[in-house]
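Contents: one structure, followed by commentary.
Lettering of chains follows the sequences in order, A, B, ..., and the numbering in each one begins at 1. All of these numbers come straight from a predicted model, not from anything done at the bench.
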Number of protein chains: 2
Amino acid sequence: MPKFVYDFTEGNKDLKDLLGGKGANLAEMTNLGLPVPPGFTITSEACRSYLADGAFPAGLGDEIEAHLAELERRMGKRLGQADDPLLVSVRSGAKFSMPGMMETVLNIGLNDESVRGLAKQAGGNDRFAWDSYRRLIQMFGKTVLGIDGRFEEALEDLKGARDDLDLTAADFQRLVEVYKGIVRDATGRDFPADTREQMRMAVEAVFESWNAPRAILYRRQERIPADLGTAVNICTMVFGNRGMDSGTGVAFTRDPGTGQQGIYGDYLQNAQGEDVVAGTRNTVPLQDLATIDPAAYDELLAIMERLENHYRDLCDIEFTIERGKLWMLQTRVGKRTAAAAFRIAVQLADQGLIDLDEAVTRCSGEQLAQLMFPRFDSKVKARKITTGMNASPGAAVGRAVFTSERAVELAEQGEDVILVRRETNPEDLGGMIAARGILTSRGGKTSHAAVVARGMGKTCVCGAEELEVDVRAGRLTAPGGVVVEEGDVLSIDGTTGAVYLGEVPVVDSPVVEYFEGTADPSDDLVRAVDRIMRHADQARALGVRANADTGEDAARARRFGGEGIGLCRTEHMFLGERRRLVENLILAAGGEERQAALDALEPLQRADFEEIFTAMDGLPVTVRLIDPPLHEFLPDIVDLSVKVATGRGSDRDATLLEAVKRLHEQNPMLGLRGVRLGLVIPGLFAMQVRAIAEAARSRREQGGDPRAEIMIPLVGAVQELEQIREEAVAILSRTGVEALVGTMIEVPRAALTAGQIAEAADFFSFGTNDLTQMTWGFSRDDVESAFFGKYLDQGIFGVSPFETIDRDGVGRLMRIAVEEGRRTRPDLKLGICGEHGGDPESVRFCHEVGLDYVSCSPFRIPVARLEAGRAAIAGTTSDTR
Amino acid sequence: MPKFVYDFTEGNKDLKDLLGGKGANLAEMTNLGLPVPPGFTITSEACRSYLADGAFPAGLGDEIEAHLAELERRMGKRLGQADDPLLVSVRSGAKFSMPGMMETVLNIGLNDESVRGLAKQAGGNDRFAWDSYRRLIQMFGKTVLGIDGRFEEALEDLKGARDDLDLTAADFQRLVEVYKGIVRDATGRDFPADTREQMRMAVEAVFESWNAPRAILYRRQERIPADLGTAVNICTMVFGNRGMDSGTGVAFTRDPGTGQQGIYGDYLQNAQGEDVVAGTRNTVPLQDLATIDPAAYDELLAIMERLENHYRDLCDIEFTIERGKLWMLQTRVGKRTAAAAFRIAVQLADQGLIDLDEAVTRCSGEQLAQLMFPRFDSKVKARKITTGMNASPGAAVGRAVFTSERAVELAEQGEDVILVRRETNPEDLGGMIAARGILTSRGGKTSHAAVVARGMGKTCVCGAEELEVDVRAGRLTAPGGVVVEEGDVLSIDGTTGAVYLGEVPVVDSPVVEYFEGTADPSDDLVRAVDRIMRHADQARALGVRANADTGEDAARARRFGGEGIGLCRTEHMFLGERRRLVENLILAAGGEERQAALDALEPLQRADFEEIFTAMDGLPVTVRLIDPPLHEFLPDIVDLSVKVATGRGSDRDATLLEAVKRLHEQNPMLGLRGVRLGLVIPGLFAMQVRAIAEAARSRREQGGDPRAEIMIPLVGAVQELEQIREEAVAILSRTGVEALVGTMIEVPRAALTAGQIAEAADFFSFGTNDLTQMTWGFSRDDVESAFFGKYLDQGIFGVSPFETIDRDGVGRLMRIAVEEGRRTRPDLKLGICGEHGGDPESVRFCHEVGLDYVSCSPFRIPVARLEAGRAAIAGTTSDTR
C-alpha cells in the first residue's frame, strides 16, 4: 500500500509530482527551519485513486487520522476541542499552478461550541472567533456544498454602508445563524458540527475540484495532463485577523516587473489572505511593515534572502503575522516579465548563485521575442481607456474602423487602421490583413481574432470586455464615458493588452538596437541580453540561418547573427514589373517563344543572386528553385472572368483568361508546382540554375566567396530529384562552379522514402509549412480562420501546428527522414526552413532530432540562437529538463 | 571467382536470374533429352560486371574459350575452320522477356574462307553458304557496329522486283562484297575475318544492348529493374534455310487466343527465324507440316506434349528443321488471352497436371476484369478501319467529334460521342468526360489521352498512327481512303485497339452474366470462371465489400459476392432535388434556421439508409458521415459571379454568391470538410447518426438484421474522433441501436498516430484516394492530366499511384497504422475503401499487411475476390511468389 500522507517534515521541493507545488515547498521551508505552521500533505496519488473509484482508497482515512492525531498531540489541542480548538486549512495544490481553479477551505474545526473556546483562547476576542466561524461556513458552503452567491448577499445585507472593520462580534454571530439557515435551506441538512466530518468533506471537495469544468478547460488550454490529480494540504491555521498586531502579505525577493533588487510586496493589517485577494481593503507597501512591526519585518527580510539563496531564483511568498509572530504560508519560484528574466538571470550569475548555463536556461526565446517587439514609449503619458487580453504582441497605432470593408478602403488610401469588432469571423479576413492591429471586445486567446492575428504576426488585443462596440453606429464606448468614433486614433499594445486613446509614440526595442549594433551599451537590459546571447552561441550545436530573398534581408540577417541563408525563394523575384515576363512565359506558343521568355528572365535572376551572394559572402546560400504553380502569377480567375464578361477587358485580358482557365487548379497547393514544373516545362529550372551558377562565377571573379546550394522543392520520389540533379550538375560543371544540390522534405512521401532520396541529395531541408499542411491534410489559408479557434478551445490542439512542430505527426516524419537519410548518406546536411525554424519549442525539437541548422526570418534569428543554446545546455544537464 | 559460363547441360529452368529465360529453358530442354543444338550460356552476372567496368571480368574470356573448345571438340569442327566451320548464334536472354529490345547475331564463324567450307559441307549448296555469310555481315553490321538501313537498301537494289527465293548464290556473293564495303565505309575497318573476334564483339554488343535507350525506356515503363543485365546464349547454328527439306516455325501447345486444345503454329520452309518475323514470306499453318515432313511433325507433337506436361502449362516453342532433322531453339510458358487463361487453368486442373490452388494463381484479376468489359459482338461483321493501342479497355460507340467543345455540346443533347484528336491535352478534359470513348492518332500508353482515360475508366484507343486526323476540317482519313466526318458513327474497342466504321452491337460479357446469375451454364468460359472463383473464395482470408451509396448498387454488389458495404457515401444523398435543402442549411442565419434545415434532411437520409440496410440485410454497412466541403453543393464561383455581374442573376443568386464567396476555399481538398465540418457545424453529424440509428431501429422492428457501422472521415487527431464518437454513442444508446464507430485513415497524420486513434475507434478504413493525394502532395484532379503521362514516360512512376498502392510511401503509412492500431486494440477491424480496393496488386498488398477486408465498386468485387484468393494461396505456397 502506498504512503498517502506526508508530514511537512517528510517532504521536499523535488516531490512536486506527489505533493504538488505548494506542499513540496511547504515541506522544503519546514526542513529549512523556517516558521511554517505544522501540517501534512495528502498526495496526488490519493486524489487519482479517489477520482477513479469515487471513494477514499483503503488506508487513506487511517493515515489522515494518524497524522491529524500527531498534529493534535504536537499542538496540544484537538480539532473541535470545546475550550481550545485546533483549526486547520484545507488547500489544494497541484503539480502545475492553476490559479483560481482549485479550492481552499479555512478555519476547519469550528462549531457552535469550539467557537467559544477560540474566543476565550483569543483573549476574549469574540469578534475574531465569530468572524472566523462565519468565514468557515461561507467557504465550506461554497466549496464543499456548491452554494453560490447567497452568503455574499447576506453579508452585504448585514453590512449596509459599514466597513468590514466596523462589524461587531454580535454582527458576525447573527451572520453565522443566517449562514446556517442558508446551508439548511440549500442542502436540506445542517452545517456539520462534527469537525472531522468537516475536514473529510473538505478533502473530498478539493479532490473533486480537479474535475470541475473550468479546471478541465483550463488544463486543456494550458496542455496540463488531465490525469495528474491534486494534492491536499492540511495546515494548522494561523490568523492575520486577530487584531492590528496581526496581518497578512505577499512579497517578491526582486521586482518581478523589472528584475531590480529591492523589497517588493504588499501588507494588510488585521486580515486573512482572501481579503488581500478580494481587494476590498487597501494594502500598504511592504516597506511600511518596518514601522508597523520592525521585528517581524527584519525576520521576513532574512527569510527572503535565505529563500532566494536556497532556490537560487526570484521567489514569491505568502506570509501571515499573528500577534507579532511571523508565519510562512507559501513560497515558489516567482513569475516575471521578459526583461526581468534576463536581468535576474545575469544578476544571479554575477552573484555566483547560478552558472551561465543555468542563466541561459532561465531566459526563453519567447521572452526574447517579446523584448524585440516595438513598444509604446513609456515616457509619454498616454490615456489608457481599458485593458484586454494580450492576444498577439506588438504595438499598433491607427484610425478606428468598425467594418472589414472600411478597413480595406482606408488602408488602400494609405491610412493606418485599427479594426475594431465585437468579435471577428472569416468574413473579416480582408480587413484584418489591411489593418495594423485588431481590437475586439469579446473572445479569449483562442478566439478567431486572436488565432488569425497570431498566424499573421499582427498586433491584437481581444476580449476587452469593458468596451461597448456598436458596429452599426461606428462607435465604441469605454469606461468613464469615453467615446471613440470611426476615424479616431487608437493605440493598442498586444504585449500587455492595453488600449490607449490617441497616438502613442512607438519606440524601437533596445534589444533590436543591440542586434543592429546601435544600442546604448550601458543599458543594463542590453548588457544582460548580450551576456545571455554570447553564452547561448557558445553552447549551441545548431547553426542558425535566415529565410531571406533580397540582399537587404540577407544583410539584416547577418547583423542578427544569421550564418547563411537557408531559404531564398526565387518566386519572389518574379513579382512586380517582372510579372509580365512570367505571363509571356505562360502564354508562349512554342519552344522558341518559351525560351525567349526564359532568356529575358535570366539576367534579372542572375543580378538578384549576385546581390545576395555579396551580402552573404563566405556563408552558404540555399536557393530554392521556383515553387508555386505558374497561374499564381496571373490575375484572379473570378475578377478576370467578370471583367471580360462585362466587356471591360482588353484583348490581352481575353488571352490571359484563356490561360487562366487552362491552368486553373482545384487545389493549387496540390498541383503543378515545384519539381513538377521543372520536369514539365523545358528550360525553366535550367535557366534558374544557370543564373545561380553565373552569379557565383561572377562573384568569384570579383574576389568574392559565394557558396551556393541549390534546393529542389516538392520532391516526393527520388526519380524526380535524379532527373533535375543530373541537369543541374551538368550546368554547374559547364560553368565551373561547385554547389551542393539538395531537396526540401515537405511532402510526406519524401520523408517516408528519405533513404532513397538521400541517394540523390547533398542536403535535406524540412519545409515544415507544407509538410504540416499535407500531414494534417489542411491548408493554412483555408482552415486557420475557419476552425483553429474551435480546435484550440476544445483542446484538439494545444497550439497551432503551424506555430510549433506537431511532434507526433510531422515530427515523426522528420525523425524518420533524419534517421534514414543519414543511414544512406552519413554526411547529409540537415536543416529546416519552415516558419517553425524560429519557434522556440520547434528549435528545441530540431536540436533533439539532430539537425545541423534551423533557418527562420531574420527577425527570429536571435530567438533561434537562444533556444538552440538552451536546447544544447538542456541536453547536457538533465536536471533542467 | 564466380562461374560465368554454363553449358546447356549444367543449367535448369529455375536459374532464370543467372541464365535468363531463354538460357534456363534451353538447359531444361537439354536435360529433358530434347534435340537442342549444343551450346552454353554466359551469365547475367558477367554482363553486370562488364557494364560496371567496361571490360570482361577476369576469367570470363578463358571460360568462354574453354566452353567453345569443348563445343568444338563435341561437334568435331572449329569456329572458322576453312573446310568445315562450326557456326554459332549469339543471342541475348534476360530474366524478363523484353521483346524486340535486345540483340541477336546469327552465323558467327563465317569468313571468306569458311564460307566455302560451309558450301562444301552443305553438299555444294553455294547459295545457302553465301546467303548465310551476307546475313552474318548484315546482322553483325547492324547490331555490333551500329550501321543502320544501308544493308537493307543494298539488298533491295540487288533484288529489284525478284522474290527472295529467286536470288542466286552469285547474287549473294556479290552482296557480301557490297556489305563488306558498307562496313569499311562506315567504320573505317574491315569486317573481322577472325571468327573468335566476331564472337567476342557480338557478346560485348549483346551486353551493351542492355543499356540501349529503347531498352532503358522499355524497362522503365515495364518496371523491370535496371541493374539485372542480360545473359548471352552461344548456340550451335542449325539451318532452316538449307533447302525445301528445311524450315523454321513457332508453335503453341494450346490456342493462346481461346485456350482450346489443338495444334497451333506457323511454319515456313527453307527459311531462318528472322524471315518469319519479317513477314516477307507467307507461313503455312503448322498442320501442313504433317504432309511436308510427317516424321518431324510427329516428333514435334510428342515434344510439345512432353513440354506441356513438364512445364504443366501452355508452352510456346521455336523450332528449326534442318534437312529433316528437328531442333528445338526455344520454349517458354506462353502468353495468352484472358479467356484462354481461365480455360487452360481449369483444363490443366482437370487433367491433374496442376491443383486448383495453382489454377487460381494462373488467372489474374486483371484478366477477369478484361472479361467483364462489354465487348463488340463478334458474330456481327464490322468494318475495321485500323488498329491502335489498347489504352483503356471497354467498347464504345458514338458519333465522331473533333473538338472538346463539340463533344460537350453533343453530349448535352443526349448524343453518344467518340472524341477524336491527334493527341489530347488538359484543355480536352471536358470533352473527354463528355465522350463515351477517346481515339487518338498519336501517343502511346502513357500519353495524356491514355493516362486520363484509364483514370476515368473510359474506353480509349490511342496512337492509331494510320489515321490522319484533321481537326480543323473535322475529318479523319483511314487507310484505303476511308473518310470519317464529324457525326459519322465509330466503334472503338479499348481492349483490342480495333477501330470500326459504323455501329457495332455491344454484347454483355458472359462473365458478368455469370455473376448476375443469368449466364448460360454450359458456356465453358463460364464454367471455368465458376471453378476458379469458387476456389478463390475458399482460399481467401480477406473479406470483400462494396462501395455503394444506393439500395440498387448494394443489391448488385451482393449478387457479385459483396459481403457488406465498406463505404456508403452520404454526400451523394444530398444531390439532385435535395441540393436546395443543403443550400438552406448553408444560408441559415442562426441556430434555429440551421436546425430546421437539418430536420428537413433527416427523414430523407433515414429513408436512404433503410433502403440500403434492406439490400444488405445481415451484412455490415459502413456509412461515412458527410465528407466534402459544403460549398461543393453550391454553384461554381466563376459562373455565378459572371451571372450576377452581368445582371442575369436572381435575388437568391446574389445571396448564394455571398455564401459562395464566404465559403470559398483556395484548396477545398485541404479545407473545412469531414470531421472538421462535424465539429464546426452544430447538429450536422448528429442528424446523420440519428438517421442511421432510426433506420436501423425501424428495420429491426420489421424483422430485419441491419448492421450499421458509422465512419468518421478525415480524422487526423484522436481528439477529433473522441468528440464525435461521444456524441454518436449517446445518440445510439438513446435509440437503443448498437453500431461500431470507427474512422477513415486518409490523412497521413492519422496513420502516424494510429496507436492513439485506435483508442477511440472500433475500426479503421484506409481511404487510400485521399491518403495518396496527401502523401504525394498532389490532387488527382489537378495533376493526373497535367503530368502523369510525362512521369510514366520518364519512369518516375511505374504505374499511377492512384491505380496501385504506392508501397514505399502510402503503403508504409498503412503498415504503420495496421501495426500500431492493432497494438492498441487487438480486435481493431481493418479495411480499405479507396479505389485501390479493386486493384489486383493493391488487393495483394492488403492481404500482405493483414487487413480484414477490401471494399471496392460493385463491378470490381469479383476481381478483388479472385486476387484475395491468389494472395492467400501465394502466402502459403512460397514457390508461386
Q. Would you say B:V644 and A:V642 make side-chain contact, with heavy atoms under 4.5 Å?
A. no
Q: For B:F766, check ring-ring contact (aromatic ring centres under 6.0 Å, His included) against everything at least two apart and list the hits.
A: none
(Q) Can you give me the closest heavy-atom contact between B:L672 and A:A786, atom names plus distance? (A) CD2-CB, 4.3 Å
**Q.** Pairs where residues 632-645 of chain B contributes a residue and the test side-chain hydrogen bond (donor to acceptor under 3.5 Å, both in side chains) is met, not counting sequence neighbours
**A.** B:K643-B:D653
Q: Taking the side chain as every heavy atom from C-beta outward, state whether B:L679 and A:K790 have any pair of such atoms under 4.5 Å apart.
A: no
Q.
Just so I know, are the side chains of A:R676 and B:F778 near enough to count as touching, which here means a heavy-atom distance under 4.5 Å?
A. yes
Q) Which of the residues B:D770, B:V810, B:L813, B:D781 is involved in the greatest number of heavy-atom pairs with chain A at under 4.5 angstrom? A) B:L813
Q: Pick one of side chain, backbone, both or neither for A:Y791, based on which atoms fall under 4.5 Å of a heavy atom in chain B.
A: side chain
(Q) Check B:R780 with A:E665, please: is the shortest side-chain N to carboxylate O separation under 4.0 Å? (A) no
Q | Close contacts, residues 745-755 of chain A versus chain B, judged by heavy atoms under 4.5 Å | A | A:V747, A:P748, A:R749, A:L752, A:T753
Q. If we only count heavy atoms from C-beta on, is the A:L670 to B:L670 side-chain gap below 4.5 Å?
A. yes
Q.
For the interface with chain A, which of B:D808, B:V783, B:V638, B:L640 has the highest count of heavy-atom pairs at distances below 4.5 Å?
A. B:D808
(Q) Distance check, rounded to the nearest 0.5 Å: B:L677 atom CG versus A:F787 atom CZ? (A) 9.5 Å
Q: Flag the one option from A:T775, A:L663, A:I637 with the top tally of heavy-atom pairs under 4.5 Å to chain B.
A: A:T775
(Q) Any heavy-atom pair between the side chains of B:I816 and A:R812 that's under 4.5 Å? (A) yes
Q: For B:Q666 and A:P668, work out which heavy atoms get closest and say how close.
A: O-CD, 3.2 Å
Q) chain B heavy atoms under 4.5 Å from A:D806: which part of the residue, side chain, backbone, both or neither? A) side chain
Q: Could you please state which residues from residues 717-727 of chain A sit under 4.5 angstrom from chain B, measuring non-hydrogen atom to non-hydrogen atom, sorted by number, or 'none'?
A: A:A717, A:Q719, A:E720, A:Q723
Q: Identify the heavy atoms of A:S779 and B:N667 that sit nearest to each other, and give their distance.
A: OG-ND2, 3.8 Å
